[in-house]
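Take a look at the structure below.
This chain uses plain numbering: 1 for the first residue, then up along the sequence.
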Amino acid sequence: MKRVFPTLVLLLVGLSAAAAPLDFIVLLDVSESMFPYFDRTVTFLIRDILEEHLRAGDRFHLLSFANVPEVELTRTISSREDVEDVLARILLLQPLGRYTDLVAALKFLHTYAAQTPTAAPKKILILTDGVHDPPPGSRFPLDEAETFRSAAEEAARDIRREGWEVHVVEFPTDDAERSAPSVAADAPADDQRAGAESPAENLLRELSKDLDASIVPYAGGGDLLSHRAVGAPELEIPSDLGRVGRRFTIPLRVRHFGDEAALAKLSGISWNGADILVAPVTATLRPASSTRLKARVVLPDSIDYGTYDLKLYFEFSDALRIFPLTGVVRI
């Protein structure tokens, strides 16, 4: 939690003014199959998005689903307290749902996102193992394959037609364990019959085509999961430049995860409240590649000889939402 505070303070003073407000919507699977990954990865991933990817003025929406989809929270991120409150609410969630009605969740997601009161751009992140395993009484039962597949396709295409940016992280599932819904021996007769009707089905491969969204496999997480999950480039900041003069160059690299070229413009570098960047730097980011950015900076005349750990904030005047935006460079 400590690293979010200086970043958020800088964001609030207007350095991120170039980024338009965003509605960021997370659809989170809280069924019991997510239990092995929930605390270690899901909460970390959402924390990284809150602390690094979102900017002051963005709205964060958390929807959950298992037996039924629900709205967990909606919050405009404008202060440190907002981030803390969202993280505290997420930590209260437990992946204990016996069923996973993925089709109902997609329908709910489209309706919710379409009814948000602002016209801000929307970015959607779906976190699930992709298994459709609905409870008894669902409108999309497993024994009516044509019905639930058609409904899933319709929901995905409705979302795609809205023009929203959609990302999907797929978590592993044990196919043997999920070959049929789990039903307790003492469950009501209706539940036992429902559990024996049909095997659960993974819908993500088909849905990714209808959503026009690539699937990012969980594959153990990793430091770059949050970048891949939201399609945001990573800024690689050197930690030690050795001996330099008052004017020097910071060799930055931007790692792009998108499949289309993009333009990145570094418009400022803040140190001690002053912009030390000599001139803006623009670079074309090639698909799935790393690009160099040579940032020429100048320190004040008053600076003495010695060793410094420069706490820098990097400002990009684009909509790519490159992160991290803060780093410490020793000279």
Side-chain angles (χ1 to χ4, degrees), residues 24-50 52-53 60-70 72-73 86-87 89-109 123-135 138 140 142 148-149 152 155-156 159 165-182 199-232 257:
F24 193 96
I25 303 172
V26 173
L27 179 64
L28 175 61
D29 186 340
V30 292
S31 61
E32 58 188 10
S33 61
M34 294 286 287
F35 188 84
Y37 320 103
F38 206 80
D39 289 338
R40 186 177 69 249
T41 301
V42 174
T43 52
F44 167 79
L45 173 59
I46 296 176
R47 176 183 283 111
D48 215 31
I49 290 169
L50 282 163
E52 300 286 357
H53 185 59
F60 180 82
H61 311 257
L62 179 62
L63 314 180
S64 68
F65 71 99
N67 294 23
V68 294
E70 298 181 82
E72 296 292 345
L73 63 89
V86 171
L87 292 174
R89 179 66 185 87
I90 292 170
L91 291 174
L92 294 176
L93 293 175
Q94 294 295 324
L96 301 175
R98 285 178 54 197
Y99 298 95
T100 314
D101 199 332
L102 180 57
V103 179
L106 290 172
K107 292 277 191 183
F108 184 82
L109 169 64
K123 179 177 282 193
I124 295 170
L125 176 62
I126 301 173
L127 305 175
T128 182
D129 60 13
V131 173
H132 179 59
D133 180 12
S138 169
F140 313 106
L142 284 174
F148 76 73
R149 287 175 185 154
I159 291 171
E165 184 179 343
V166 181
H167 300 269
V168 180
V169 174
E170 181 181 18
F171 289 80
T173 182
D174 188 329
D175 292 335
E177 291 182 3
R178 295 303 297 271
S179 61
S182 57
E201 185 165 340
N202 193 307
L203 299 177
L204 277 193
R205 297 295 169 232
E206 293 79 7
L207 288 175
S208 68
K209 299 174 184 177
D210 295 323
L211 288 168
D212 192 23
S214 59
I215 296 176
V216 177
Y218 164 71
D223 294 339
L224 295 176
L225 178 61
S226 55
H227 289 277
R228 295 183 185 278
V230 297
F257 298 94

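- A distance-only check finds a donor-acceptor pair linking the side chain of N202 to the backbone of D129 [under 3.5 Å].
- Atom CG of L207 sits about 9.0 Å away from atom CD1 of I159, to the nearest 0.5 Å.
- The CD1 atom of I49 sits 10.0 Å away from the CZ atom of F44 when rounded to the nearest 0.5 Å.
- Scanning for ring pair (Phe, Tyr, Trp, His ring centres under 6.0 Å) contacts around H61 gives Y112, with sequence neighbours left out.
- When each of V26, D29, L28, I90 is checked for a side chain to side chain contact (heavy atoms under 4.5 Å, CB included) with V42, only L28 meets the rule.
- In this structure, the side-chain hydrogen bond (donor to acceptor under 3.5 Å, both in side chains) partners of E72, at least two apart in sequence or on a different chain, are S64, R89.
- Partners of S214 under the side chain to side chain contact (heavy atoms under 4.5 Å, CB included) rule, at least two apart in sequence or in another chain, do not exist in this structure.
- Within the model, atoms CD1 of I215 and CD of E170 stand 5.0 Å from one another, a figure rounded to the nearest 0.5 Å.
- Between L45 and S226, the shortest heavy-atom distance links the atoms CD1-CA, 3.4 Å.
- Residues passing the ring pair (Phe, Tyr, Trp, His ring centres under 6.0 Å) test with F65, sequence neighbours excluded: none.
- For E206, there are no salt bridge (Lys or Arg N to Asp or Glu O under 4.0 Å) partners two or more places apart in sequence or in a different chain.
- Residues Q94 and L91 approach most closely at NE2-O, 4.2 Å, considering heavy atoms.
- Under the ring pair (Phe, Tyr, Trp, His ring centres under 6.0 Å) criterion, F108 pairs with no residue at all, not counting sequence neighbours.
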Might you work through the side chain to side chain contact (heavy atoms under 4.5 Å, CB included) test for L62 and V86, ending with a clear yes or no? CA-CA 9 Å; L62 179 62; V86 171; over 6 Å; no
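- Rounded to the nearest 0.5 angstrom, L63 CG and L73 CG are separated by 9.0 Å.
- Distance NE2/H53 to CG/L125: 9.0 Å, rounded to 0.5 Å.
- Relative orientation of the Y218 and F171 rings is parallel, given thresholds of 30° and 60° on the angle between their planes.
- Here the CG-CG distance, from L27 to L106, works out to 6.5 Å after rounding to the nearest 0.5 Å.
- Partners of F140 under the side chain to side chain contact (heavy atoms under 4.5 Å, CB included) rule, at least two apart in sequence or in another chain, are D101, V103, A104, K107, H132, S138, F148, A151.
- In terms of heavy-atom proximity, S208 sits nearest to R205 at OG-O, 2.8 Å.
- Take D210 and apply the side-chain hydrogen bond (donor to acceptor under 3.5 Å, both in side chains) test, not counting sequence neighbours, and it matches R157.
- Take F38 and apply the ring pair (Phe, Tyr, Trp, His ring centres under 6.0 Å) test, not counting sequence neighbours, and it matches no residue.
- Annotation: side chain of Y37 is not in contact with side chain of P95 (no heavy-atom distance under 4.5 Å).
- Residues L102 and G130 come closest through the heavy atom pair CD2-O, 3.5 Å.
- Residues satisfying the salt bridge (Lys or Arg N to Asp or Glu O under 4.0 Å) criterion with E165, sequence neighbours excluded, are K123.
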L211 vs I126, test: side chain to side chain contact (heavy atoms under 4.5 Å, CB included). Steps then yes/no. CA-CA 11 Å; L211 288 168; I126 301 173; 4.3 Å; yes
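- Taking all atoms of both residues into account, the shortest heavy-atom contact from L203 to A152 is CD1-CB, 4.2 Å.
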Using the side chain to side chain contact (heavy atoms under 4.5 Å, CB included) rule, take H227 and E52 through it: C-alpha gap first, then chi angles, then the decisive distance, then the call. CA-CA 10 Å; H227 289 277; E52 300 286 357; over 6 Å; no
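- Proximity of D133 to R98: side-chain heavy atoms (C-beta onward) are nowhere separated by under 4.5 Å.
- V216 pairs by the side chain to side chain contact (heavy atoms under 4.5 Å, CB included) definition with V169, L225, R228, not counting sequence neighbours.
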